[in-house]
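Worksheet: the structure to be examined is printed underneath.
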Amino acid sequence: GEDVEQSLFLSVREGDSSVINCTYTDSSSTYLYWYKQEPGAGLQLLTYIFSNMDMKQDQRLTVLLNKKDKHLSLRIADTQTGDSAIYFCAGRKTSYDKVIFGPGTSLSVIP
Amino acid sequence: KAGVTQTPRYLIKTRGQQVTLSCSPISGHRSVSWYQQTPGQGLQFLFEYFSETQRNKGNFPGRFSGRQFSNSRSEMNVSTLELGDSALYLCASSLDRGRGDTEAFFGQGTRLTVV
């Protein structure tokens, strides 16, 4: 079955770029997502990418997909203290399959 | 428009008891999924309901069950509680238009503590 892996912690300085990495095992994953979870809150969808795309940009967020290596990354430009949260990578095979989440990367932004 | 509402927010139960958690999806959303979040295991998929039918199921024992009502509200039940069931239980609802870009909206979760 699908397995999604992420590094658990990342620390960056305010104003720098953050890059959060994710690898997934199932090459048939068609939909890949990035979610953000702030303390005491549920998950919020940040962005998604289809497997037939290499890159997607949305304001400060850039998602890169390397299908060959099954590697997904989320780049946050000009990281702010409000970006401190846990970021989850997730994937699903079809729109009717369950979404499988990675363990989450805890991003700490140092002022 | 109102978001996903989970009740109760916090719950303390004793081992061996049973518990029912409730999730009210966003109006018009027919798909409801449940997840268990723990520090050690991360987010684990429990089950998904669509139009009152269980569409997907995770790898949890039969003590974990759920249902969905005609108004799309969903409940999950855990019987014979164990200490390891202590977790944040998250519910997510979506429109489910049959497309993978359908956003899932999460509730704030129910924090269950088993003592």
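Letters go in sequence order (proteins before strands), and every chain restarts at 1. Please read all numbers here as calculations on a predicted model, not as lab measurements.
When heavy atoms are compared at a cutoff of 4.5 Å, B:Q6 does not approach chain A at all. B:R111 does not touch chain A: none of its heavy atoms, backbone or side chain, sits under 4.5 Å away. Neither the backbone nor the side chain of B:F50 has a heavy atom closer than 4.5 Å to any heavy atom of chain A.
Counting heavy-atom neighbours within 6.0 Å of A:F9 CZ, excluding the residue itself, gives a total of 12 or less. The 12-atom threshold is exceeded at CZ of B:R9, counting heavy atoms of other residues, nucleotides or ligands nearer than 6.0 Å. Around CG of B:N71, the count of heavy atoms belonging to other residues, nucleotides or ligands within 6.0 Å exceeds 12. Around the CD1 atom of B:I12, the shell of radius 6.0 Å holds no more than 12 heavy atoms that belong to other residues, nucleotides or ligands.
A:Y33 and A:M53 fall within the same hydrophobic cluster, where Ile, Leu, Val, Met, Phe, Trp and Tyr residues are linked whenever their side-chain heavy atoms come under 4.5 Å apart, directly or through other members. No chain of hydrophobic side-chain contacts below 4.5 Å, direct or via other Ile, Leu, Val, Met, Phe, Trp or Tyr residues, connects B:V4 to B:W34. Side-chain heavy atoms closer than 4.5 Å link hydrophobic residues (I, L, V, M, F, W, Y) into clusters, and following such links, even through other members, never connects B:L88 to A:L8. Residues A:V19 and A:L46 are members of separate hydrophobic clusters, defined by side-chain heavy-atom contacts under 4.5 angstrom among Ile, Leu, Val, Met, Phe, Trp and Tyr.
The aromatic ring centres of A:F101 and B:F45 sit 6.0 Å or more apart.
Contact check for B:Y35 versus A:V99: side-chain heavy atoms found under the 4.5 Å cut-off. Contact of the B:K57 side chain with the A:K98 side chain is not registered, since no non-hydrogen atoms from C-beta on lie closer than 4.5 Å. Within the 4.5 Å cutoff, no side-chain heavy atoms of A:I100 are placed close to those of B:L43. A heavy-atom distance below 4.5 Å is found between the side chains of A:Q37 and B:L90.
The structure places CD of A:E38 at 11.0 Å from CD of B:Q108, a figure rounded to the nearest 0.5 Å. Atom CZ of B:F106 sits about 9.0 Å away from atom CG of A:L45, to the nearest 0.5 Å.
Pairing each heavy atom of B:A104 with each of A:Y35, the nearest pair is CB-OH, 3.7 Å.
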